[in-house]
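Remarks on the structure that follows.
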Amino acid sequence: MVSGNGGRPVAAFDLDGTLIDSMPTIIRLLTLALTGSDSDHAMPRSRQFVDARLGPPEERIIEFLADRDKVGWYVAEYVSFLNSLPLSDVRRFANAILDQAEARGFGIIVVTNKSTRLATATLDVLGISDRCEVVVDGYCPEGPKPSPGGLLRAIDDVGGSPGKTVLVGDSDTDGATARSAGVRFARACWFPNVRDAGVAPDCSTSSDGYEYVYRPEELAAVLDYVHDYGLSDC
């Protein structure tokens with residue numbers, strides 16, 4: 001791997017809650033799979049598992065906490081959700097985010113804790129499969145996030161270095177992954193589920209060291225900084 005701030009700049013993107021507004025659906029479907037109900041009373045149980053981002057793909061959470069037979073149901077329901085999305089809108093949104101990185105010469109990778117099949121299905125719906133040079137999913141040999149191994153391997157694969165990489169994600173697990181890997185973290189706060197959870201402060205840089213990005217177009221400033229200065233302090 002290229003050391004220091006050398007090499008090609010790299011933008012690593014999470015999927016759920018970052019490139020696609022899927023977290024409310026994931027919470028609802030996991031609630032149904034784990035409790036048999038999607039009532040408000042049942043919701044906190046699965047919200048705890050999902051919002052804490054324990055790491056495993058959704059299918060593995062269901063296998064561990066509920067019933068292996070419910071995995072197929074979950075996958076079918078999630079694919080149905082993907083197929084119900086307005087394709088032109090979700091594709092325009094995701095591609096506009098990647099456009100900012102590509103225009104600045106960044107290598108583009110995706111690092112998600114989704115399973116291989118659901119990550120592939122999501123990328124296909126977003127229309128960005130051919131734009132992602134490396135996709136790291138929740139079944140990668142290095143382990144799911146917050147393990148940094150998959151991210152570091154992907155950075156190396158595209159000729160980058162941690163010091164010239166930014167991870168864009170919506171969760172604390174993404175932030176922990178960035179810290180462990182030694183890359184900059186930009187917390188995506190443009191979807192309501194992140195703002196409603198109360199994790200986004202009023203300022204762009206919080207005491208936790210994260211860069212909080214409230215609109216996709218604001219990501220440009222973070223990308224410019226990483227491109228020009230790498231992991232030096234803002």
Side-chain angles (χ1 to χ4, degrees), residues 4-5 7 9-24 26-27 47-55 93-94 96-101 104 106-114 132 136 138 142-155 160-234:
N5 286 356
V10 178
F13 294 93
D14 172 53
L15 274 180
D16 296 309
T18 303
L19 293 179
I20 182 171
D21 189 12
S22 52
M23 286 309 303
I26 290 173
I27 290 170
R47 185 176 293 272
Q48 177 184 359
F49 294 133
V50 178
D51 285 355
R53 310 301 207 278
L54 294 182
F93 182 87
I97 292 174
L98 299 194
D99 285 346
Q100 297 184 69
R104 291 164 172 80
F106 279 72
I108 296 174
I109 62 180
V110 164
V111 184
T112 176
N113 277 351
K114 300 194 85 60
C132 303
V136 179
E142 297 87 354
K145 297 179 293 186
S147 169
L151 171 60
L152 290 171
R153 170 174 53 81
I155 294 170
S161 68
K164 291 279 280 190
T165 296
V166 58
L167 173 59
V168 184
D170 67 311
S171 71
D172 287 337
T173 292
D174 293 319
T177 305
R179 287 182 187 274
S180 296
V183 309
R184 186 170 291 279
F185 179 55
R187 189 160 194 164
C189 301
W190 43 69
F191 287 133
N193 65 282
V194 177
R195 297 193 299 270
D196 294 347
V199 300
D202 293 333
C203 55
S204 61
T205 302
S206 179
S207 59
D208 56 19
Y210 298 165
E211 298 288 328
Y212 284 79
V213 185
Y214 295 89
R215 294 188 300 274
E217 56 269 26
E218 294 175 359
L219 185 61
V222 178
L223 293 169
D224 284 339
Y225 194 94
V226 172
H227 182 279
D228 293 342
Y229 302 106
L231 201 58
S232 58
D233 293 334
C234 291

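The figures that follow rest on heavy atoms only: side chains count, while hydrogens, waters and symmetry mates do not. Worth saying up front: this structure is predicted, and the values here are computed from it rather than measured.
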Correct closest heavy-atom pair for Ala188 and Val168 would be CB-CG1, 4.3 Å
Looking only at non-hydrogen atoms, find the nearest pair between Val136 and Ala154 and report the distance. CG2-CB, 3.8 Å
Distance (rounded to the nearest 0.5 Å) between Phe191 CZ and Ile20 CD1: 7.5 Å
Taking the side chain as every heavy atom from C-beta outward, state whether Pro9 and Leu223 have any atom pair closer than 4.5 Å. no
Shortest non-hydrogen separation from Ala101 to Ala11 and the atoms involved: CB-CB, 3.9 Å
Spacing of Phe185 atom CZ and Tyr212 atom OH [to the nearest 0.5 Å]: 7.5 Å
If every non-hydrogen atom of Pro146 is compared with every non-hydrogen atom of Thr173, which pair is closest and at what distance? N-CG2, 3.7 Å
State, yes or no, whether a side-chain contact exists between Leu98 and Phe13 at a heavy-atom distance under 4.5 Å. yes
So, do Val110 and Leu15 sit near enough that their side-chain heavy atoms are less than 4.5 Å apart? yes
Pair Lys145 + Asp174, salt bridge at N-O below 4.0 Å: yes
Please report the shortest heavy-atom distance between Pro162 and Ile155, naming the atom on each side. N-CG2, 4.1 Å
Contact check, side chains of Ile109 and Leu151, non-hydrogen atoms, under 4.5 Å: yes
Has Arg187 got a side-chain atom pairing as donor or acceptor with Glu211's backbone, closer than 3.5 angstrom? no
State whether the side chain of Ser147 and the backbone N or O of Glu142 hold a donor-acceptor pair below 3.5 Å, judged by distance alone. yes
Below 4.5 Å, heavy atoms only, C-beta onward: do Thr165 and Phe106 meet side chain to side chain? no
Close side-chain approach of His227 to Asp224, heavy-atom, < 4.5 Å: no
Report the residues that fulfil side chain to side chain contact (heavy atoms under 4.5 Å, CB included) with Ala220, sequence neighbours left out, ordered by chain and then residue number. Gln100, Arg104
What do the steps show when you test Leu219 against Val166 for side-chain contact (heavy atoms from CB on, under 4.5 Å), and what is the final call? CA-CA 10 Å; Leu219 185 61; Val166 58; 5.6 Å; no
Sub-4.5 Å side-chain heavy-atom contact between Arg179 and Tyr210: yes
Does the distance from a Lys or Arg side-chain N to an Asp or Glu carboxylate O, for Asp14 and Lys114, drop under 4.0 Å? no
Taking all non-hydrogen atoms of both residues, which atom of Gly160 and which atom of Val10 are closest, and how far apart? CA-CG2, 3.8 Å
